[in-house]
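Below: the structure, in structure tokens.
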Amino acid sequence: MLQVLYIFIPMLVAILVPLLYKRMNNIHTGWFVLAVPVTLAVIYTTYIAQVAKGEVFTAELPWIPSLDISIISYLDGLSLLFSLLITGIGSLVVLYSIFYLDKHKEKLHNFYVYLLLFMSAMLGVVQSDHLITLYFFWELTSISSFLLIGYWYNRDASRFGALKSMMITVGGGLMMLGGFVLLYLMGGTYSIRELIVMAPNLVDQPLFTWSLVLLLLGAFTKSAQFPFYIWLPDAMEAPTPVSAYLHSATMVKAGIYLVARFTPIFAASELWVWLVTGVGILTLFWGSFFAVKQTDLKGILAFSTVSQLGLIMSLLGASAVAFHANGSIDTIKFAAFAAIFHLINHATFKGSLFMIAGIVDHETGTRDIRKLGGLMSIMPISFTVAAIGSLSMAGLPPFNGFLSKEMFLTAMLALQKFEFFGFETWGALFPIVAWIASIFTFIYSFYFVFRTFNGNYKPEQLPHKPHEAPIGMLISPMLLAALVVTIFFIPNFIGNTFVKPAVQAIQPFLYDSPQAVDIHVSAWHGKITPELLMTIGIIIVGVLLFVALPKWQGMYQRFPQALTLNNAYDKIMQGLDVGLNRLSRRYMTGSMRHYLLYMFSGITIIVIGSLLVKDAFNISFQGASPINLYEIILIVVLLIGTAITILAKSRLTAIIGLGTVGYTVALFFVIFNAPDLALTQLVIETISVALFLLAFYHLPKLGKREERMRFQLNRAIVSIAVGVMVTLVALSAHSQKLIPSIAKYYEETVYSLAGGGNIVNVILVDYRGFDTLFEITVLGIAGMAILAMIKLRMNRKENTHENK
């Protein structure tokens with residue numbers, strides 16, 4: 001149970017944040033919040049040793065038992081690794097935010113409530129074993145990230161970026177939910193673990209491919225894969241702590257996690273291998289190529305994040321090939337290991353770089369790289385951290401990015417050796433595209449650090465006089481930079497402790513335990529390897545292109561803006577806005593008659609259509625009671641009263657006709673042995689008629705304009721259709737009993753379960769207690785509204801009298 005509660009600790013603390021902000025405003029709220037991720041990180045570290053041995057921890061909290069929905073926390077190598085990233089990086093981000101966000105200028109209670117909500121949502125995503133709860137937490141990450149990205153809501157760009165991210169990620173999430181539903185229909189269970197066990201039986205089912213595609217749409221939108229990456233650069237309008245947390249280590253990794261978690265289920269599919277690997281490698285190239293175009297520091301990092309996420313995604317796709325290779329080619333085993341290893345490395349160097357971008361913006365007043373330069377001597381610590389992070393991102397030793405990048409190249413080279421799925425021919429493209437993309441990765445890494453800290457110092461273009469950031473703001477990026485260097489020298493400790501358990505969770509078809517993952521990381525393999533030659537080529541070509549950057553960077557301006565994906569998104573949104581506005585103006589006329597016409601038309605089409613499609617229409621008078629003469633007379637009176645109400649030219653006549661209808665219905669209740677309903681109906685009709693007479697007495701007489709009502713064919717058709725619908729439903733419901741009547745249940749349980757003697761009272765108070773309560777609530781609200789209007793009118797009269 002405690003394991004599940006850990007997920008909700010940030011959410012529970014978020015409730016207290018506004019109180020702390022209000023009562024202790026002399027202390028930065030972040031100091032109180034910092035205890036949450038630190039405590040959780042410490043708690044999760046206690047699981048490391050046992051999970052590294054292959055143990056799994058589960059805990060369950062029933063949520064909606066009637067629908068078989070529970071919150072199940074499942075901690076294995078993969079979910080524990082993500083939980084540590086969420087809480088560990090979260091701790092550093094909160095510490096950084098304490099010095100980045102001014103407690104006097106910012107609404108810190110809002111910021112930390114959103115951040116803690118997001119932390120709980122991410123922990124729920126990576127630990128959920130239940131498909132429905134995973135989706136619940138998945139969409140909660142979209143909502144909380146929307147709030148964080150739009151934190152500075154007074155800025156147009158922040159609101160636009162927040163809306164764009166939510167539109168794309170929530171849309172993908174809905175597609176993912178469809179995939180989950182199909183998985184449930186195929187497997188008969190919501191448990192991911194159970195679906196993995198029955199994966200061989202799911203592959204041949206007709207819904208399998210649909211489920212695969214829908215699930216990948218959710219993963220691709222969340223992890224900013226091509227063509228859905230367009231939300232990520234606009235999300236950079238969020239405060240830098242948000243970018244460092246959401247867009248380097250957590251939210252954008254949710255899609256990575258989803259693909260990794262479901263790889264054991266879908267790895268058998270050729271479509272899965274090609275989609276995940278192909279989209280990943282395309283995203284890697286696209287993001288790295290356009291990162292060089294950017295002039296905003298966070299924009300460069302946004303596109304670099306897109307490219308790095310594509311790299312990890314392509315490795316996960318390549319890891320699925322091992323399912324078909326049966327371990328016969330050792331090099332492909334590196335794919336899953338490299339994906340998880342690079343995921344850790346990316347969180348360290350990209351988190352530090354985002355924080356440095358925020359520091360540069362905070363101390364100089366700008367993120368425009370065209371205005372920056374020459375800051376190395378002014379901000380030496382920031383430069384050192386930026387250099388470490390950038391060189392690791394470029395894949396150079398002695399930094400951790402070099403190790404995982406080499407393994408990436410190894411995996412891409414191995415793909416062309418497979419003689420299935422067309423890899424023996426098309427597989428040659430993967431190492432080529434990977435090599436070209438790595439060159440641009442090298443360029444944008446150098447572009448970020450050296451154009452910011454080297455070159456000419458331009459104080460006249462800077463809004464603020466730059467200086468080194470306070471030590472409190474530097475602690476977090478310095479710790480991450482230290483990890484970048486440390487991991488390079490102890491890669492196998494990281495591999496044995498964190499990576500191998502995660503790999504075993506991704507590839508249970510290859511490994512029975514983390515110890516069976518026979519991969520050893522080394523910076524030097526004792527010989528010249530193809531991937532080492534590719535790295536040397538990347539460095540040489542990358543340096544030459546970086547030096548010549550001013551000569552060829554202008555080619556980006558030649559790309560037509562009209563052909564960009566961002567422009568396509570804008571056009572679609574504008575078209576929807578204009579089109580839906582026009583549509584709403586056509587039917588939102590303000591006329592109640594029109595609205596009733598739309599509703600009755602829709603209901604009639606749906607109901608009658610359902611009866612016809614399901615062949616549910618049936619007429620049977622078996623067991624029907626005979627119709628007596630006095631019932632026929634009442635029906636005629638009812639019809640006459642209805643006609644008088646509609647056609648009356650006097651309000652008094654209309655009220656009399658309406659009362660006739662009500663009293664006639666009450667007589668039917670008497671005939672059908674429902675005296676309680678008859679009494680209720682008589683009371684209501686008496687009060688209604690009296691109130692109508694009282695109110696209508698003060699209204700002017702109906703004018704000639706109001707008396708003339710032209711015949712309208714469309715309304716007549718809808719009216720007749722509604723009558724036909726009700727008649728068909730009534731006849732069909734009477735003629736075929738698909739399920740037993742609930743009346744028998746009421747008769748048998750009214751005394752034994754409800755403890756009452758009057759069945760009608762028990763139904764109203766007990767069986768339909770909430771319905772009755774809501775009805776009373778509505779009446780109470782209406783009564784209070786009437787009382788308020790009466791008092792308001794009395795106060796106006798008193799004020800008028802006083803003024804006179």
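This one's a predicted model, so the numbers in the text were calculated from it and none came from an experiment. Along the sequence shown, the residues carry numbers beginning at 1. Only heavy atoms go into these numbers, but all of them, side chains included; no hydrogens, no water, no symmetry mates.
- No side-chain heavy atom of Val765 sits less than 4.5 Å from a side-chain heavy atom of Thr772.
- Residues Lys164 and Met573 are not in side-chain contact: their nearest non-hydrogen atoms beyond the backbone lie 4.5 Å or more apart.
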* To do: I would like to know whether Met251 and Thr169 meet side-chain contact (heavy atoms from CB on, under 4.5 Å); could you show each step before the answer?
  => CA-CA 10 Å; Met251 177 184 170; Thr169 58; 4.0 Å; yes
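- With Thr645 contributing its side chain and Leu658 its backbone, the two residues share a donor-acceptor pair below 3.5 Å.
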* side-chain contact (heavy atoms from CB on, under 4.5 Å) assessment of Gln561 paired with Thr564 -> CA-CA 5 Å; Gln561 181 65 25; Thr564 62; 3.6 Å; yes
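- Side-chain atoms of Ser732 do not come within 3.5 Å of backbone N or O of Val729 as any donor-acceptor pair.
- Within the model, atoms CG of Asp234 and OH of Tyr229 stand 10.5 Å from one another, a figure rounded to the nearest 0.5 Å.
- Side chain to side chain, Asp577 and Asn581 meet the donor-acceptor criterion of an N or O pair below 3.5 Å.
- In terms of heavy-atom proximity, Val279 sits nearest to Gln225 at CG1-CB, 3.8 Å.
- Between Phe220 and Phe228, the ring center distance fails the sub-6.0 Å criterion.
- With a 4.5 Å cut-off on side-chain heavy atoms, Ile671 and Tyr630 count as touching.
- In this structure, the side chains of Arg715 and Arg593 come closer than 4.5 Å at one or more pairs of heavy atoms.
- Within a 6.0 Å radius of OH in Tyr598, more than 12 heavy atoms belonging to other residues, nucleotides or ligands are found.
- Between the side chain of Ser120 and the backbone N or O of Met11 there is at least one donor-acceptor pair closer than 3.5 Å.
- With rounding to the nearest 0.5 angstrom, the CG atom of Leu639 is 10.0 Å from the OG1 atom of Thr664.
- The only option from Lys107, Glu106, Glu237 that meets the side-chain hydrogen bond (donor to acceptor under 3.5 Å, both in side chains) definition with Tyr151 turns out to be Glu106.
- In plain terms, the two heavy atoms of Leu195 and Leu183 that are nearest each other are CD2-O, 3.9 Å.
- Side-chain N or O atoms of Ser223 include one that pairs as donor or acceptor with a backbone N or O of Val252 at under 3.5 Å.
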* To do: Starting from the C-alpha separation in whole Å, work towards a yes-or-no answer on side-chain hydrogen bond (donor to acceptor under 3.5 Å, both in side chains) for Tyr663 and Thr686.
  => CA-CA 9 Å; Tyr663 288 122; Thr686 303; 3.0 Å; yes
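- The two residues Leu140 and Ser144 come nearest to each other via the heavy atoms O-OG, 2.8 Å.
- For the atom pair Thr604 OG1 and Ile717 CD1, the distance stands at 12.0 Å (nearest 0.5 Å).
- Separating the CG atom in Leu629 from the CG atom in Leu634 is a distance of 10.0 Å, to the nearest 0.5 Å.
- A heavy-atom distance below 4.5 Å is found between the side chains of Leu258 and Met176.
- Remark: side-chain polar atoms of Thr141 are paired, donor with acceptor, to backbone N or O of Trp138 under 3.5 angstrom.
- A donor-acceptor pair is defined here as one N or O able to donate and one able to accept, closer than 3.5 Å; such a pair exists between the side chain of His130 and the backbone of Asp68.
- Atom CG of Leu565 is separated from atom CG of Asp570 by 11.0 Å, given to the nearest 0.5 angstrom.
- Note: Leu163 CG to Arg159 CZ = 10.5 Å, rounded to the nearest 0.5 Å.
- Residue Ala302 comes nearest to Pro233 through the heavy atom pair CB-CA, 3.8 Å, listed as atom of the first residue, atom of the second, then distance.
- Side-chain N or O atoms of Tyr112 include none that pairs as donor or acceptor with a backbone N or O of Ala14 at under 3.5 Å.
- Across every non-hydrogen atom of Pro18 and Val113, the tightest pair is CD-CG2, 4.0 Å.
- With respect to Val125, the side chain to side chain contact (heavy atoms under 4.5 Å, CB included) criterion is satisfied by exactly one of Tyr135, Phe137, Phe136: Phe137.
- Of all the heavy atoms in Val170 and Glu139, the pair that sits closest is O-OE2, 3.5 Å.
- Contact of the Ile132 side chain with the Ile64 side chain is not registered, since no non-hydrogen atoms from C-beta on lie closer than 4.5 Å.
- Other residues, nucleotides and ligands place no more than 12 heavy atoms under 6.0 Å from the CD1 atom of Ile627.
- Counting heavy atoms from C-beta outward, Val718 and Asn714 have side chains that stay 4.5 Å or more apart.
- For Phe180 and Phe262, the ring centers are positioned less than 6.0 Å apart.
- With a 4.5 Å cut-off on side-chain heavy atoms, Phe669 and Thr680 do not count as touching.
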* Apply side-chain contact (heavy atoms from CB on, under 4.5 Å) to Thr653 and Ile644, showing your working. => CA-CA 7 Å; Thr653 307; Ile644 290 172; 3.7 Å; yes
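- Counting non-hydrogen atoms of neighbouring residues, nucleotides and ligands closer than 6.0 angstrom, the CE atom of Met167 reaches no more than 12 such neighbours.
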* Starting from the C-alpha separation in whole Å, work towards a yes-or-no answer on side-chain contact (heavy atoms from CB on, under 4.5 Å) for Val762 and Tyr751. => CA-CA 9 Å; Val762 171; Tyr751 184 77; over 6 Å; no
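- Checking Thr589 against Tyr595 by side-chain atom types alone, no donor-acceptor pair falls below 3.5 Å.
- Between the Ser70 side chain and the Ile72 main chain, no donor and acceptor come within less than 3.5 Å of each other.
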